[in-house]
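Heavy-atom basis, side chains included; hydrogens, waters and symmetry copies ignored. Quick caveat, the model's predicted, so the values are computed rather than measured.
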Amino acid sequence: MAELVTIKGEVDSIIHKNPDTGFCVLMMEHDNDLVTVVGEMGDVEEGEELVCTGEFVVHQKFGEQFKVSVFERSLPTTAAAIQRYLASGAITGIGPVLAKKIVKLFGEDTFSVLENEPEKLCEIDGVTIKKAKAFSKQFKTTFAVRSLMSYLGKYEIATTYSIKAWKRWGTDAETLIRVNPFVLCSAGVDLPFSKADELAAKNDIPADSENRVKAGISYTLRQNADAGHTCLPEETLIKLSSGFLGVDKELIKRMIADEVEEENLFFYYKDKRRFVMLADYFRAEDYISRRLALMHDISYDNKIDFSAVIDLEEENNGIKYESIQRQAINLALSKGFLVLTGGPGTGKTTTLNAIISLYAQQGLNVMICAPTGRAAKRLTDLTGVEAKTIHRLLEVKFHSGETASFVHNESDLLDCDALIIDEMSMVDSLLFESVLRAVSVTCKLVLVGDSDQLPSVGAGNVLRDIIDSRVMPVITLKEIFRQAQESEIVMNAHKIVKGEHIDLTKRDKDFFFFQRLEFKGLQDIIVELTKTRLKKAYGYSAFEDIQVLSPTRKGPAGIVALNKRLQAELNPPAAGKSEVKTPVYIFRKGDKVMQTKNDYDILWKKQVTDEKTESGAGIFNGDIGIIIGVNKVLGTVTIDFEGRVAVYSGMMLDNLELAYAVTVHKSQGSEFNVVILAVFGGFDKLYYRNLLYTAVTRAKKMLIIVGSQKRVNYMIDNDRRTLRYTALKSMLTELAGNNDD
């Protein structure tokens, strides 16, 4: 590792600045020389004095640069530097001419006048008292931002967190953080708890302080929400938090009670146990349950038999619906409140097309959507009706943080008489709450999904909870249609659900198995299939058609190792091909990548036609794209997410990973022409039936399993359902009762 050094100097000029991430490229005067300095330094301006700690690196194109790890800043002190600082536009309304007049009059006392005696500025022609006060207010604000960055920078906390804290708390940010460093862990700022703990320890805040314990409890709940739980049994939360924080359980219990009293946390009672919920998840599941109970009461069955209408639809489309399909269509028309579920090849799409067609014939304004872009595109192709992602349907508002805010809500409802949501198993509690807030209580609602698939990546188990609560009528399609029976993918998927072992010796049709019992052999065959064999035999593209899946991230058969091996073979380094490094991956032009967290702030542009460009915000968990450009000096990566082009820099890259191989969980809602599934070894808890089923049903034309037959059989035998603590089923049951209609 290169030696860290410290340099000091004055900012001569700003070459590049990203206001969202704080990433800068600037020229700094140091030892009578100009040095190129790059890193996250916020909104530095010309004329500032910086003390930067980092390392000198050599860029193959731009030469020697100083890469900043930590920096401190101070406002300029000489009259000449102050004039340059003001002339740079640091304060709105003060340009080069006015800056010269101010500094000529006040010299090195300029900043003191701006901060403490702004009325003196009125001595200059054209400066009113109103303008002077505005200049002073902005200067104080700017100074506070710099003070916050300098304070956190001393503790090696990245500028990005300073910017987030400033956006949330403004001039109060530093005071709040000094009193309680753990506010930095709150949603929207999202500093890792360990970093806040370091800051607190260095400022002699005791381990048993109320602020630390309360923040640790919330952090424990957030970590478990990331694993899918919207609540935790109180005794489990106490045990986990006590161990994590190293404090007494009684203290944890008291702090939970305090947070409940303040309504930062909520208690919920079910199964004779007390559960603890974060406020956003309690409010989401409480709202969903109340809203569905109300819609259940409103959407009474009008008892009209639509058989004649369905007969006519059959005649018009040359289709013969099965009796269970007719029942689903009839319910959708008469009640307008329905869950439609079933595995591959059971006719969900055919049934859905009939429902959409007949709704339209009734003059209803029908909207259809799905959780991901890939799922929405597939739905459009299958139905012939434009399907949108849920986020696009609700219209994301531009704002900071990983939680969504939408244009459409109770105050601005969707113009929608009937809403159909596909891939409902992927929809988490917070997102479904937002959907229900955006539709009227009289809107017809049809939820379509496969309840045997994995639950959503986000917290909650919405589809399963709704089905189990029986608050909505559920139609389950089970019969496999004749055409689908030709597919080994479909037939084996249904065998897996039933717990039947599948025949892995067959090598025809669309389902293949390669036994590999050593890691190198497993990686070799995956690379060979992806790179050459499938392209040569079938014309499949490694980037457009083939997706490698694995149950696990770690180990030689996990996605990190597979991605590095596949990248080395499919997109190796080359002269003139720039790349940027992150702690886990190297990204270069041409790489296939995936977003790993919802980020509602990322701006994108889409070329709709030669004349029309569409703009928007938000790249979401599971979105897959191709890197089309890398600027190493700026540390930026330009990615094409199926037409939406976004530029990533700084910490945004931490939420990006290579996607030649992805986990089965991350593949939900997507279909690929070819799936290569690595099934080898690892923690038993990662190898279970509905994970294998989900992986198999991602394949559209061909599935290839590589690994151990014994492990495949273990997965089929292991019917361990993913346990998720949620309150929704219980809430629904309490409000609506066990309704059979």
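Under 3.5 Å, the side chains of Thr230 and Glu285 contain a donor-acceptor pair of N or O atoms.
Distance alone, capped at 3.5 Å, is enough to place a donor-acceptor pair between the Asn180 side chain and the Phe182 backbone. Formation of a donor-acceptor pair under 3.5 Å by the Asp109 side chain with backbone atoms of Ser112 is not found in this model. Judged by distance alone, the side chain of Asp591 and the main-chain N or O of Arg588 form a donor-acceptor pair under 3.5 Å. Using a distance-only test at 3.5 Å, with no hydrogens or angles considered, no donor-acceptor pair links the side chain of Ser578 to the main chain of Asn631. Between the side chain of Ser241 and the backbone N or O of Leu237, at least one donor-acceptor pair lies under 3.5 Å. For the pair Thr110 (side chain) and Gly107 (backbone), a donor-acceptor distance under 3.5 Å is present. Panel note: side chain Lys17, backbone Leu26; no donor-acceptor pair is recorded below 3.5 Å.
For residues 78-91, the set of pairs meeting the salt bridge (Lys or Arg N to Asp or Glu O under 4.0 Å) definition, not counting sequence neighbours, comprises Glu10-Arg84, Asp12-Arg84. Under the salt bridge (Lys or Arg N to Asp or Glu O under 4.0 Å) criterion, the residue pairs touching residues 191-205 are Lys195-Glu198, Asp197-Arg212, with sequence neighbours excluded.
Between His229 and Tyr281, the distance from one ring center to the other does not fall under 6.0 angstrom. Taking the centre of each ring, Tyr219 and Phe244 come in below the 6.0 Å mark.
Below 30°, between 30° and 60°, or above 60°: for Tyr648 and Phe641 the angle between ring planes is between 30° and 60°, a tilted geometry. Using a 30° and 60° split on the angle between ring planes, Tyr151 and Tyr155 fall in the perpendicular class, above 60°.
The side chain to side chain contact (heavy atoms under 4.5 Å, CB included) test with Leu240 singles out one residue from Leu245, Ile252, Asn224, and that residue is Asn224. Considering Phe135, Phe106, Tyr85 as possible partners of Phe111, the one that fulfils the ring pair (Phe, Tyr, Trp, His ring centres under 6.0 Å) test is Tyr85.
When all heavy atoms of Asn409 and Ser411 are compared, the pair lying nearest together is OD1-N, 2.8 Å.
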Worked check of side chain to side chain contact (heavy atoms under 4.5 Å, CB included) between Ile639 and Val645: CA-CA 6 Å; Ile639 307 167; Val645 177; over 6 Å; no
Check the pair Phe66, Thr36 against side chain to side chain contact (heavy atoms under 4.5 Å, CB included), reporting the backbone distance first and the verdict last. CA-CA 6 Å; Phe66 189 81; Thr36 303; over 6 Å; no
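Residues forming a side chain to side chain contact (heavy atoms under 4.5 Å, CB included) with Thr613 (at least two apart in sequence, or on another chain): Lys605, Gln607. Take Lys130 and apply the side chain to side chain contact (heavy atoms under 4.5 Å, CB included) test, not counting sequence neighbours, and it matches Thr128. Here Asp623 pairs with Arg644 under the side-chain hydrogen bond (donor to acceptor under 3.5 Å, both in side chains) rule; sequence neighbours left out.
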Below 3.5 Å, can you tabulate the donor-acceptor pairs from side chains in residues 255-266 to any protein atom, sequence neighbours excluded?
from, atom 1, to, atom 2, distance (Å)
Glu259, OE1, Asn264, ND2, 3.2

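Counting heavy atoms from C-beta on, the side chains of Asn211 and Val183 never come closer than 4.5 Å.
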